[in-house]
Structures are given as C-alpha cells and as structure tokens.
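Notes to accompany the following structure.
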Amino acid sequence: MLGYLLRRILAAIPVMGVVALFVFLLLRLTPGDPAAILAGDNATPEQLDRIRTSLGLNEPLYTQFFTWIGKLLQGDLGVSLISNVPVLKMISQRVEPSISIALSTIILAIVVAVPLGVIAAWKHGTWIDRFVMGLSVVGFSVPVFVIGYVLIQIFAIELRWVPVQGFRSITAGFGPFFERIILPTCTLSFIYVALIARMTRAAMLDVLGEDYVRTARAKGISETGVLLHHALRNAAVPVITVIGTGFALLISGVVVTESVFNLPGIGRLTVDAVLARDYPVIQAMILLTSLIYVTVNLLIDVAYTLLDPRIRY
C-alpha cells in the first residue's frame, strides 16, 4: 500500500508542473496588459514601459517563467498588482471561510444523504424511494442562489434567528461562528445531498443484487448488518469519489454562495483577480485549486485501499 501511494505522489509532481506551465502561458498570451490597468487610461508610453520593466514583463517568456518558478519553490507567490499585498497573505485571509463552509457542507451532506440513499435502495420501488428521488431532482433543479435567498428571507429576515450575511472566525466563539455558517451550509447542502443520495442509491442497488448479499441474508445476519457491513462498504467506492470531488470543489470556492451571503472566500478572490487581470493572484489561485484536487485524489486513493483490499495490488 505504501508503494502504491508513493507512486501516486510521484505521478502528481509532473501534473503540477504541467499545470504551472499551462497557467503561465495562458495568462501571458491572452490579450490585455497589466501595466495599462495599473497606470490608468491617461498613462504615457514611457510610464507603461517603466511599469512593465518593474514587473519583468519585458523579459522573454522563458525568463519570466523560470523566475516565477524559482520564487514559487521558495514559497513566494508574488505580490498583487492591484493591492500591492503579498498573495500568500491574501489567500490566508480568505481561506478560513472557504474551508469552514466546505467542511460543514460535506459533513451535513454525508450525514443526511448516505442514510437516505441506503434507505431508498433498501425500499426500492416504494414511496420512500420515490420521495428520495424526487428530493434529488429538486436539489439538482433549484439554483443555489434561489435557495440562499429563500433561507435568508425565512430565517434571517422574518424569524430573525440568524444574521443575514457575514462571517465570524471560530476563534471569536462557536456561537457567532455557527450563526453565520449555518445558512450557507444548508444552501450548499441541497445539491450535495441530492448528488450523494442518488449515487449511494445507485451503488447500493448494484450491490444488493450480488450473491454475497444473498448469502449473508441466508446465514441469518440482520438486515442492518447486511446493509451496513456487507452492502454499504462495497458500494462506498463511487460514493467516496463523489464526496471527495465535491469537497475539492467547495474548498476551491463557490462564488455564488459567497456573494449571496457576503463571505470573503477564495471564490470571490479569484473572480476579483480575473476581472482586474491580477496575474500573481490568478496564478496562485489556479495552482492552489490544482493542488487541492491532487491532494483530494490522493486521499480518495487511500480510502479506496482501505475499503477494497484488491486495489492495493
């Protein structure tokens, strides 16, 4: 198992290298000039040339690339062209809301969706199954911002149970943190509950028809033991894949939800950087997103090997 994981880690290194090269070329070769954005509309050609020289934009592409990679390996992500703040500091200020929402959403979705999917497969063809599938259709169909505004209207404006918008760090106390994280969590959980429940049901239906499940029932094992120990464990591989991918997507930023609830997360930072053509921030965010997906894929591989010993070999 250790050798398998080591090979996966080594395979991830060239992947990150290709991503870095692609991101660098994509941003440098697209139309637009960061110097013009910094200098404004009334800048003279001499001013633009001085800004390009200070930013290193007049250097050959390969020189710019290797200079950037050298700083990147030292942990230097550069400085924002717009705010003149180190990119690493900007990310560190925005990462807590994104991680908090991602963790709370995935935990809530797993707690709700996996039992729903198991029960729907167990009661296949009954009203319970149809109810869960109907709930999944609603979760997929209703836009996230609609769910967010409905929850704000009910629980924040009419009932006044929670604040409308904003974020508080958990260091300020669990109460203020929970009050401001509960609505975004419930909003995002709708689609993930629908997705995970649907995948769990489909995987469980495949497994419940297998011979070893019928054998377990013939041995007199309780239905709970059959469902949880024999069926769910063997059906968990595709479910783990969906959960891991969803978690990576949540950490990398959910712009709509962050905008609805005024959360200073990574998603809004990325959008603002793209609109301003802030090269260092865009590069750092794309690399961070790629690193998140690579890391999550490695964790999924670990889960695979624990759930299915055959994958180790």
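What you see is a predicted model; the values in this text were computed from it and never measured.
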Task: Flag, side chain of Ser141 to backbone of Val138, donor-acceptor distance under 3.5 Å - done: no

TODO: Check the angle between the aromatic planes of Tyr149 and Phe145 and answer parallel, tilted or perpendicular using the 30° and 60° thresholds.
DONE: perpendicular

TODO: Evaluate the side-chain proximity of Ile101 to Ile181: yes if any heavy-atom separation is below 4.5 Å, no if none is.
DONE: yes

TODO: First locate atom CG of Leu183, then atom OG1 of Thr257, and finally report the distance between them rounded to the nearest 0.5 Å.
DONE: 11.5 Å

Open item on the list: Suppose clustering is done on Ile, Leu, Val, Met, Phe, Trp and Tyr with side-chain heavy atoms closer than 4.5 Å. Which residues sit in the same group as Val111?
Closed with: Ile107

Open item on the list: Could you check whether any side-chain N or O of Arg217 sits under 3.5 Å from a backbone N or O of Val226, counting only pairs where one atom can act as donor and the other as acceptor?
Closed with: no

Open item on the list: Show, in sequence, the C-alpha distance, side-chain angles and deciding distance for Arg168 and Glu179, and conclude whether the salt bridge (Lys or Arg N to Asp or Glu O under 4.0 Å) test is met.
Closed with: CA-CA 9 Å; Arg168 285 286 184 89; Glu179 287 179 345; over 6 Å; no

- [ ] Please confirm whether the backbone N or O of Gly265 pairs with a side-chain atom of Arg94, one donor and one acceptor, at under 3.5 Å?
- [x] yes

- [ ] Taking the side chain as every heavy atom from C-beta outward, state whether Asp278 and Val87 have any pair of such atoms under 4.5 Å apart.
- [x] no

Task: Same apolar cluster: Leu135 and Leu108, side chain cutoff 4.5 Å - done: yes

Task: Parallel, tilted or perpendicular: ring planes of Phe155 versus Trp161, cut at 30 and 60 degrees - done: tilted

- [ ] Let me see the working for Leu159 and Ile154 under side chain to side chain contact (heavy atoms under 4.5 Å, CB included), right down to the final yes or no.
- [x] CA-CA 6 Å; Leu159 297 178; Ile154 296 174; 4.1 Å; yes

Task: From Leu103 atom CG to Thr185 atom OG1, the distance as rounded to the nearest 0.5 Å - done: 9.5 Å

TODO: Say whether, by atom type as modelled, one donor and one acceptor occur between the side chain of Thr105 and the main chain of Ala102 under 3.5 angstrom.
DONE: no

- [ ] Return the minimal non-hydrogen interatomic distance between Asp129 and Arg201, and the atom names on each side.
- [x] OD1-NE, 2.6 Å

TODO: Please assess Val79 against Asn84 for the test side chain to side chain contact (heavy atoms under 4.5 Å, CB included), listing each intermediate value before the final yes or no.
DONE: CA-CA 6 Å; Val79 178; Asn84 202 32; 3.4 Å; yes

- [ ] Would you kindly confirm whether Leu116 and Val114 end up in one hydrophobic cluster when ILVMFWY residues are joined by side chain heavy atoms under 4.5 Å apart?
- [x] no

- [ ] Please test Ser169 against Thr171 for side-chain hydrogen bond (donor to acceptor under 3.5 Å, both in side chains), starting from the C-alpha separation and ending with a verdict.
- [x] CA-CA 5 Å; Ser169 173; Thr171 57; 2.9 Å; yes

Task: Chi angles and distances behind the side chain to side chain contact (heavy atoms under 4.5 Å, CB included) call for Leu77, Leu287 - done: CA-CA 10 Å; Leu77 298 178; Leu287 286 176; 5.8 Å; no

Task: From CG (Leu151) to OG1 (Thr187), nearest 0.5 Å - done: 4.5 Å

Task: From CD1 (Ile286) to CG (Leu291), nearest 0.5 Å - done: 13.5 Å

Open item on the list: Applying a strict under-4.5 Å side-chain criterion to I, L, V, M, F, W and Y, I'd like to know whether Val132 and Val207 cluster together.
Closed with: no

Task: Verify same cluster id: Leu195, Ile300 (apolar side-chain graph, 4.5 Å) - done: yes

TODO: List the steps and the verdict of side chain to side chain contact (heavy atoms under 4.5 Å, CB included) for Phe167 and Phe177.
DONE: CA-CA 7 Å; Phe167 177 80; Phe177 169 79; 4.0 Å; yes

Open item on the list: Checking the side chain of Thr270 only, and the main-chain atoms of Met285 only, is there a donor and an acceptor separated by less than 3.5 Å?
Closed with: no

Open item on the list: Main chain of Ser83, side chain of Ser80: is a donor-acceptor contact present, judged purely on distance under 3.5 Å?
Closed with: yes

- [ ] Kindly compute the distance separating CD1 (Ile69) from CG (Leu21), expressed to the nearest 0.5 Å.
- [x] 8.0 Å

Open item on the list: When you measure from the side chain of Glu258 to the backbone of Gly267, do you find a donor-acceptor pair of N or O atoms at a distance under 3.5 Å?
Closed with: yes

- [ ] Show your reasoning for whether side-chain hydrogen bond (donor to acceptor under 3.5 Å, both in side chains) applies to Arg268 and Asn262.
- [x] CA-CA 9 Å; Arg268 291 179 64 187; Asn262 194 26; 3.1 Å; yes

Open item on the list: Return the CG to CG distance between Leu208 and Leu227, rounded to the nearest 0.5 Å.
Closed with: 6.5 Å

- [ ] Look at the side chain of Asn297 and the backbone N and O of Tyr293, then say whether any donor-acceptor pair between them is shorter than 3.5 Å.
- [x] yes

Task: Donor-acceptor contact present, side-chain Gln153 to main-chain Glu158, <3.5 Å - done: no

Task: Contact summary for Leu263 and Gly166, nearest pair of heavy atoms - done: CD2-O, 3.3 Å

